[in-house]
Every structure is written in structure tokens, then in C-alpha cells.
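Structure, as C-alpha cells:
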2 protein chains.
Amino acid sequence: MKKTCAHHHHEKKQELASLTGRLRRESRKITGPRAAILEILRHHPHPLTNKEIFAELPKGECDLVTIYRAMQMLEKLGMVKRFDFGDGTARFELVGEGDDGHHHHLICTRCTGVVEIDECFPEEIERRIARANRFTGVTHRLEFFGVCPDCQK
Amino acid sequence: MKKTCAHHHHEKKQELASLTGRLRRESRKITGPRAAILEILRHHPHPLTNKEIFAELPKGECDLVTIYRAMQMLEKLGMVKRFDFGDGTARFELVGEGDDGHHHHLICTRCTGVVEIDECFPEEIERRIARANRFTGVTHRLEFFGVCPDCQK
DNA sequence: AAATCAGTTGCAAATGGTTTGCAATTAAAA
DNA sequence: TTTTAATTGCAAACCATTTGCAACTGATTT
Ligand SMILES: [Mn+2]
Ligand SMILES: [Mn+2]
Ligand SMILES: [Zn+2]
Ligand SMILES: [Zn+2]
């Protein structure tokens, strides 16, 4: 139940080899599409939609459906984390080994720019909420919204 | 920009007359479907999906599409607040007059039971996040997830 | 290097929530 | 009662995501 909200994005970019290693270990094949997808995720510090990944891919490299399937698989293996900015489109971000990827974002409602956030919902308060309602395994989903400096004027 | 996260659900149930009054004031018609929908929302302390509202309605009372349109309208008038539990289905809760409806929930991941939560993300921290990134009008979307007492064993 | 086989892919079709076009209907104002 | 703008139902469109399936391919075994 680790949830350290701690500077995930300061982690150095993961080696592609380390990523494919994780796949191999789970007896998943390293295919062209997958390598390409991981390569794109590796170079993006913010969550990407499947369509955005698709757009970055050299045209014809792979089908959109393949990306959907890859993200599902990577999520199940804990290699990417799914985020929901409330616009009905899933976004994915690469997660470091041993990290659960829990963190939050500040999103500009004008330009949809994204800032990675280090702060997390205070643990004591969350514990209090859990205890008060006798819930176990409590976690949270949290995103911030506002207007970024560029969009303010 | 009020965001008092304060005991919305302790508010006494709104009178139907007050609700229809708000509609009238905006030159919206009080129709059978709308009255029925408001009546259902009025009696439910937790967010409802359009389908759930539809199911509560006496069969044939109105079309599902009418509910979608009603909720859109009520949201625009600030009479209901839209919530997103991350399952791709919008949920709506009635909001008191003058209230912006901002609050949070604790959701059981097993039975999807919902608990209304009074706590909010600490204002000082949110202000710090806003200032640190020079964002204005910052707010947040926050929901808690866990396993409720009934589902624990 | 060839055979093997589970995992993977593309394409088309299905899904599920939500929105839209439009003609018929109706609440509320005149 | 007449008038008129708002509302409704129904069918179809939309959009993100999933699924079925036959063809294909990476990795492992002969
Ligand atoms: Mn992030
Ligand atoms: Mn609520
Ligand atoms: Zn957190
Ligand atoms: Zn809050």
C-alpha cells in the first residue's frame, strides 16, 4: 500500500532495455509496436492518450487497437499508470520499477497543459476518513484544475 | 470561488417548489419529466447516473435522452453537480441554492457503495500549488476508494 | 536452421455512454 | 384561446474502448 507521492517525475528516464526486460520477464513479446510505444512514453513526462501515442507513431507503424491493447497490458503489469482528467479519455504515464505511480497533476482548463504535482492528499486525513467509515485499503484519485500563466491574459 | 466543502449533505432536503422556482426564473418549463427527475434527485443523498434515474422513473415517464438533456441543463444552471467516479459514467447530485456543490466521496470498489465526505483538500496546500505554478482559479477533483465494512469479509 | 506454439496483430464489428437532428408536442405568456 | 419558444421522443450519429477472429511472428525447442 505504498503511496509516497514522491517526485516520480524527477526519476531519470528509464532505459528501453529495462522496460523490455520487464516484458520478457512476464513472457511478453517485444514487438515493433510495443518498442515504439515504450519509446514514446519514455520521452514524455506527462500522461498521453492512446490517440496521442498513435499520432506520435510513424504512420502505419501500428493500429490504434494495438495501442489500446498494449496500454491495457502495460497497466496490468504495473508499467504504466492510468490517469483520468475527467474528459472521458484515458491517459497513460510510464511508471518506474517498484513505484506504484501514484501522483497528481495540475491541468490548465484552457490549453490542457499539464504540470506534474508532488503534493499528495495528507495521509493523516485519509487515515481518519478510512477509520471513521471503517473502510480498508483507502486511496484516492486527485487532480487540480486552473488557468496556466500563458492562458491568463 | 467559494469552496467550503462543508456538510452539503447535512442540508435539509430542498423543497420541490424551490427547485421548480429556480427553473421558472430561468424561463425553463416545468414538465412532467423534469418534475419527476427532480423528485428523484431530491430523495437521493448520493450521486446518481442517468440510467439509475431512468430506472427509478415510472416506466414510460420519459425517454433516457430527456434525462441526459435535463441533467445538462440542470448542471448549466448550477442545480446539480456532476461527479466522476472513474468508471466512465457521469453521476449527478442535487446542489443547494447558493452552494457550488464542491465535495468528495468515499467509494467501495467492491459494491460501489458511496459515503459522502466532509473533508476537502487543504486550502493552504492548494494555494501553494497554484502559486508555485502561477496558476489562477485552481480547484480540484478528488474521490476516495477503498473497501467498505460489509465487503471486507 | 527449421519447426513449434503461445502471444500478438490488424481489421471489422460490437459496445456503452453521450450527443444531435428533426418533426411533433406542450407549457406558459399574451 | 392563440401564440411561440421550449421541450420531447425517436432514430441516428459520435467517440472512446473492447472484442472476435484469422493471419502472423517472436521466442523457444528440436
Ligand atoms: Mn504525471
Ligand atoms: Mn455527494
Ligand atoms: Zn495522492
Ligand atoms: Zn475539495
Side-chain angles (χ1 to χ4, degrees), chain A residues 16-17 19-40 47-77 79-92 112, chain B residues 16-17 19-40 47-77 79-92 112:
Chain A
L16 185 58
L19 293 168
T20 56
R22 288 162 82 180
L23 285 185
R24 226 182 304 277
R25 241 173 285 143
E26 304 274 354
S27 52
R28 276 359 202 303
K29 295 180 179 173
I30 321 295
T31 63
R34 288 180 179 176
I37 291 170
L38 288 173
E39 197 56 22
I40 289 172
L48 291 177
T49 66
N50 284 334
K51 270 233 267 288
E52 285 168 344
I53 294 171
F54 186 62
E56 299 266 335
L57 241 28
K59 61 224 154 291
E61 168 68 54
C62 89
D63 195 273
L64 220 208
V65 179
T66 300
I67 299 180
Y68 275 95
R69 286 197 266 235
M71 301 318 288
Q72 271 182 174
M73 188 258 307
L74 292 172
E75 186 186 21
K76 184 153 43 188
L77 299 195
M79 293 178 59
V80 300
K81 174 120 184 121
R82 176 190 299 258
F83 290 97
D84 178 2
F85 289 180
D87 66 348
T89 313
R91 278 156 223 268
F92 301 89
T112 69
Chain B
L16 185 58
L19 293 168
T20 57
R22 288 163 82 180
L23 284 186
R24 226 181 304 277
R25 240 174 286 143
E26 303 274 353
S27 53
R28 275 5 203 303
K29 295 180 180 174
I30 320 297
T31 63
R34 287 180 180 176
I37 291 170
L38 289 173
E39 197 57 20
I40 288 172
L48 291 177
T49 65
N50 284 334
K51 269 233 269 288
E52 285 168 344
I53 295 172
F54 186 62
E56 299 266 337
L57 242 29
K59 61 228 156 286
E61 168 68 54
C62 91
D63 195 272
L64 219 208
V65 180
T66 300
I67 300 182
Y68 274 95
R69 285 197 267 235
M71 301 317 290
Q72 270 182 178
M73 188 258 307
L74 292 173
E75 184 186 21
K76 185 154 42 189
L77 300 195
M79 293 178 59
V80 300
K81 174 118 183 121
R82 176 189 300 258
F83 289 96
D84 178 2
F85 290 180
D87 65 349
T89 314
R91 278 157 223 268
F92 300 89
T112 68

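In this structure, the CZ atom of R25(B) is 17 Å from the C1' atom of dA28(C), given to the nearest Å. In this structure, K29(A) atom NZ and dC5(C) atom P are separated by 13 Å, rounded to whole Å. If you take CZ of R34(A) and C1' of dG10(C), they are 14 Å apart, rounded to a whole angstrom. Distance, D87(A) CG to dT19(C) P: 13 Å, rounded to whole Å. As rounded to whole Å, 14 Å separates atom P of dC15(D) from atom CG of L64(A). Atom CD of E52(A) is separated from atom P of dA16(D) by 11 Å (rounded to the nearest Å). D63(A) has its CG atom 14 Å from the C1' atom of dG20(D), to the nearest Å. Nucleotide dT19(C) holds its C1' atom 16 Å from the CE atom of M73(B), rounded to whole Å.
Residue E26(A) is out of contact with every strand shown, counting any heavy-atom pair closer than 4.0 Å.
Contact check, Q72(A) against dT17(D): no side-chain N or O comes under 4.0 Å of OP1 or OP2. Between Y68(A) and dT17(D) there is a side-chain polar atom (N or O) within less than 4.0 angstrom of OP1 or OP2. The side chain of T31(A) contributes an N or O atom lying less than 4.0 Å from OP1 or OP2 of dT9(C). Considering only side-chain N and O atoms, R28(B) lies nowhere under 4.0 angstrom from the phosphate OP1 or OP2 of dA6(D).
The distance from the CZ atom of R34(A) to the CE atom of M73(A) is 3.5 Å, given to the nearest 0.5 Å. A distance of 6.0 Å separates CD1 of I67(B) from CD1 of I53(B), quoted to the nearest 0.5 Å.
Two residues, I30(B) and T89(B), neighbour DNA chain C, and the one matched to the more 5' nucleotide by heavy-atom proximity is T89(B). Taking the nucleotide of DNA chain D with the nearest heavy atom to each of K51(A) and V65(A), the more 5' of the two is matched to K51(A). Heavy-atom distances to DNA chain C give each of F92(B) and G60(A) a nearest nucleotide, and the one nearer the 5′ end belongs to G60(A).
Minimum interatomic distance between G32(A) and E61(A) (heavy atoms only, all atoms of both residues): C-OE2, 3.6 Å.
One can find a donor-acceptor pair under 3.5 Å joining the base of dG21(C) and the side-chain atoms of R69(B).
No donor-acceptor distance shorter than 3.5 angstrom exists from the side chain of R82(A) to the backbone of A90(A), with no hydrogens or angles considered.
M71(B) has its side chain within reach of I37(B): a pair of non-hydrogen atoms, C-beta onward, lies under 4.5 Å apart.
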